[in-house]
Amino acid sequence: MTERRSILSGSTFEEQIGYARAVVDGDWVHVSGTTGFDYATMTISEDVGEQAEQCLRNIETALSEAECTLADVVRVRYLLPDRADFEPCWPVLRRAFGQVRPAATMLVCGLADRRMKIEIEAYARRPAASPPRGRIRGGDRADVTGA
């Protein structure tokens with residue numbers, strides 16, 4: 001049976017609405033739409049670039065609990081109420097994903113709170129555990145793959 005577990009950030013939104021920051025389902029990690037709130041203080045910057053940075057810090061925290069990093073992200077979805085706010089986020093997003101190059105989509109839509117200028121969803125694939133290298137039996141290397 002594949003592992004399925006929820007990761008909570010402590011955001012009041014998770015409790016009020018009834019969702020998890022992320023769900024680990026086997027090798028996959030599904031990170032909910034994550035905003036620029038600092039969940040420890042429940043504050044949010046007015047600057048969209050700073051919000052994007054905080055979104056990524058929040059996502060990194062969830063991924064870390066799932067034994068992943070931003071380097072394991074395969075898909076992102078950016079949600080913004082104002083399309084003009086997207087370009088100012090590009091340097092932040094490029095620093096996070098420029099080497100990874102996940103599939104990405106940007107959508108213009110309303111968000112739950114007028115202070116929110118960006119929300120980011122992320123999907124990651126957990127790195128495979130290193131397979132055993134084999135055991136030494138009688139001086140010969142054992143083939144652990146069965147081949």
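All values reported here derive from a predicted model rather than from experimental measurement.
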### Query
Closest approach of Ser11 and Ser9, non-hydrogen atoms and distance?
N-OG, 3.2 Å
### Any donor-acceptor pair under 3.5 Å from Asn58 side chain to Cys55 backbone
no
### Message
So does Glu46 get a backbone contact from the side chain of Lys117, meaning a donor-acceptor N/O pair under 3.5 Å?
### Response
yes
### Spacing of Glu60 atom CD and Gln54 atom CD [to the nearest 0.5 Å]
10.5 Å
## Note on the structure
salt bridge (Lys or Arg N to Asp or Glu O under 4.0 Å) filter on Glu121, not counting sequence neighbours, yields Arg77
### Query
Mind checking whether Met106 and Tyr123 sit in one hydrophobic cluster, side chains of I, L, V, M, F, W, Y counted as touching below 4.5 Å?
no
### Task
Would you check if Arg125 and Asp72 make a side-chain contact, meaning some heavy-atom pair closer than 4.5 Å?
no
### Message
With a 4.5 Å cut-off on side-chain heavy-atom distances among I, L, V, M, F, W and Y, is there a chain of contacts connecting Trp90 to Tyr78?
### Response
yes
### Query
Out of curiosity, Ser32 OG to Glu119 CD, how far, rounded to the nearest 0.5 Å?
8.5 Å
### Query
Do side-chain atoms of Arg126 reach the backbone of Gly26 as a donor and acceptor pair under 3.5 angstrom?
yes
### pair Val74-Trp28: side-chain heavy atoms closer than 4.5 Å
yes
### Sequence neighbours excluded, every pair satisfying salt bridge (charged side-chain N to carboxylate O under 4.0 Å, His left out) that has a member inside residues 85-114
Glu53-Arg95, Asp113-Arg115
### Query
Mind checking whether Ile120 and Leu93 have side chains closer than 4.5 Å, heavy atoms only?
yes
### Query
Tracing side-chain links under 4.5 Å among I, L, V, M, F, W and Y, which residues wind up in one group with Tyr19?
Phe13, Ile17, Phe37, Tyr39, Met42, Ile44, Leu79, Leu107, Leu111, Met116
### Query
Hey, is CD on Gln99 packed in by over 12 heavy atoms from elsewhere, all under 6.0 Å?
no
#### Entry: Short side-chain to backbone donor-acceptor contact, Thr61 and Ile59, under 3.5 Å
no
### Nearest-0.5 Å distance, CD1 of residue Ile118 to CG of residue Leu80
4.5 Å
### Message
With a 4.5 Å cut-off on side-chain heavy-atom distances among I, L, V, M, F, W and Y, is there a chain of contacts connecting Val92 to Phe86?
### Response
yes
### Query
Hey, are the side chains of Arg21 and Thr34 touching, using non-hydrogen atoms and a 4.5 Å cut-off?
yes
### Summary
dist Glu14:CD -> Ile7:CD1 (nearest 0.5 Å) comes out at 10.5 Å
### Query
Looking at Val29 and Ala22, what are the two nearest heavy atoms and their distance?
CG1-CB, 4.3 Å
### Query
Any sub-3.5 Å donor-acceptor pair from Glu50's side-chain atoms to Ser45's backbone N or O?
no
